[in-house]
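The structure appears right after this line, and notes come after that.
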Protein chains: 2
Amino acid sequence: MQDDDRTDAGGGANPPAGATNNPLIAKLESLAKLSGDDKDVLQRISANPQVVEPGTALIREGDKPDGVYLILDGIACRYKLRASGARQIMAYLVPGDYCDLDVALLKAMDHAIGTLSTCHVVRIDLDTIQGLLDRHPGITHALRLATLVDEATLREWLVNIGRRSADERIAHLLCELLLRLRAVGRTAGQGQSYALPITQDDMADTIGLAAVHVNRVLTSLQRRGLIAFSGQQVTILDLVGLEAFAEFKPNYLHLGGRDAA
Amino acid sequence: MQDDDRTDAGGGANPPAGATNNPLIAKLESLAKLSGDDKDVLQRISANPQVVEPGTALIREGDKPDGVYLILDGIACRYKLRASGARQIMAYLVPGDYCDLDVALLKAMDHAIGTLSTCHVVRIDLDTIQGLLDRHPGITHALRLATLVDEATLREWLVNIGRRSADERIAHLLCELLLRLRAVGRTAGQGQSYALPITQDDMADTIGLAAVHVNRVLTSLQRRGLIAFSGQQVTILDLVGLEAFAEFKPNYLHLGGRDAA
DNA sequence: CGGGACATTGAATCGGCTCAAAAGTGGTGG
DNA sequence: CCACCACTTTTGAGCCGATTCAATGTCCCG
């Protein structure tokens, strides 16, 4: 939809002042040092993204994966479907995220990947990836770190669903998204707000709740003055309060600077 | 406690007929081919395990990890604690499993690892690991596959907690454990039963339920003739029925042979 | 202006929780 | 060998958070 608006909005609060607009570079730089050459290569890879409609499957369960998708704009996700049609979303792919560097080692995907919003996506074939890993140790290292963070995030989501109340779960998710989007320069305002182009249904399938209840919780969080919505733009009005409420500890994101190790 | 009894019990139904008793070798062989030399090296690494009491922390959240723990007997787990004391277990480490090959890349652990039962454990230092990765490509490949399976398992647990009922969750967990323990030769009977040396409290913290309710569900699954308990030995009486009930699809374990890819 | 997707609100229900107590179970020391 | 203790399992009763079902409201788009 209005992705071009968002590009402007992102200009407000990019964290490493004067960073690229390239979310992959920004993400990897938040985890490790990259050389100028590394960045050039990554920039070249991100050229000419294709635009994908919301609700498009990029990879289906059972497929033998033959490439990697890099998200440059929008939100995609990993998910599984039950026979009943119930869906569980297991990860969000925000700008700078990519899927399954080395899943090519496996014979078949055990889950699907699809877009939640309109997305700008680049497909990178295996040879390109391999070349990258062979010739750019700095990138390789950063990508490995990123993989570890993905795993840590997955674990935190398990804690979220398993041991937090509905209100806490949503608060936690909103905190996480703020930090992740900040790291790739996709926040607006004073770095307190961001576009969240997903439906309440999507959010429900993310945190193991029913959509109706997600609605009630969001309403309640707004009434308490913790967050505000205007359309699909979320603003965290009281980050400290929201983090405390959700018992959010950002350590699992392993962000280089600001918050803990 | 009676870990020596268990060693005997395991002798009943090792899957690749005439396999080693070494669970790490068995596990890796279920994922990839290993040379004789590879197996020798792994066998040597597994020598002289130390015995660890139930409820011992092997690694604490915040620690800077300096080695890898390999489980040879018993069950350990990854977990996080909330301020309230609530615990979420995020993974089981059964014989042949190990923790965090390359977590040394990170500055601090974002979760803890501890034993649930008495365990036989080997600590492998980073140099040994590095030597293994440098000199044994076959092992390296198998270890990478194992890491992917760990991730896939974590995703399936998220689906389990997020989108299955209490009964289905427990049924699913019991199915998964049967297959995992079979793959490392730790089942007894006709490969339908195994030792599950954990409390109902542990299980509750694993699947996001209260211990009392775990008890009721276990009782109910027994009444329905799907499983049987004798002490801490579980027997899956009707695997087909249990899998159907839990909607268990073993594809995410990526086991080489028997069940799908 | 009409249709479709999404959000919002209400009412009733239910799955799983909390609290509480009783009944094993195994280990320990006298 | 028995009594005792701590831990775990089992069972009951009542409650509450989240669900389902259903209706209404809102916005966007053709």
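Below, chains carry the letters A, B, ... as their sequence lines are ordered, and counting in each starts from 1. As the structure is a prediction and not an experimental result, all values here were calculated from the model.
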Q: Measure from the side chain of A210(B), starting at C-beta and using heavy atoms only, and say which of dT18(C), dG16(C), dG10(C) lies closest.
A: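 Looking only at side-chain atoms, A210(B) lies closest to dT18(C).
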Taking [atom1] from [X] and [atom2] from [N], how many angstroms apart are they, rounded to a whole number?
X	N	atom1	atom2	value
F229(A)	dC6(C)	CZ	P	16 Å
L116(B)	dC7(D)	CG	P	17 Å
I207(B)	dG15(C)	CD1	P	17 Å
L218(A)	dT8(C)	CG	C1'	11 Å
M203(A)	dC6(C)	CE	C1'	13 Å
H213(A)	dG15(C)	NE2	C1'	14 Å
Q232(B)	dG26(C)	CD	C1'	11 Å
R169(A)	dA18(D)	CZ	P	7 Å

Q) Is any side-chain N or O of N215(B) closer than 4.0 Å to OP1 or OP2 of dT9(D)? A)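 Indeed not, no polar side-chain atom of N215(B) lies that close.
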(Q) Any carboxylate oxygen within less than 4.0 angstrom of a Lys/Arg side-chain nitrogen, looking at R224(B) and D167(B)? (A)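 Counted as a salt bridge, because a side-chain N and a carboxylate O are separated by less than 4.0 Å.
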Q | Ionic contact status for E61(A) with K249(B), cut-off 4.0 Å | A |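 Between E61(A) and K249(B) there is a salt bridge, with a charged N closer than 4.0 Å to a carboxylate O.
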Q) Where do V94(A) and I71(A) come nearest, in terms of heavy atoms and distance? A)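 Where V94(A) meets I71(A) most closely, the heavy atoms are O-CB, 3.9 Å.
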Q: Spell out yes or no: do the side chain of R216(B) and the base of dG12(D) have one donor N/O and one acceptor N/O closer than 3.5 Å?
A: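 Side chain to base: pair found, below 3.5 Å.
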Q. Quick one: on DNA chain C, does R163(A) or Q200(A) contact a more 5' nucleotide (nearest heavy atom)?
A.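 Closest to the 5' end, via its nearest nucleotide, is Q200(A).
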Q. Using the benzene-type ring in the case of Trp, are the ring centres of W157(A) and Y252(A) under 6.0 Å apart?
A.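 No, too far apart.
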Q) Hey, does L209(B) reach any base, or is it just sugar-phosphate, or nothing, if we go heavy atoms under 4.0 Å? A)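 Sugar-phosphate, no base atom in range.
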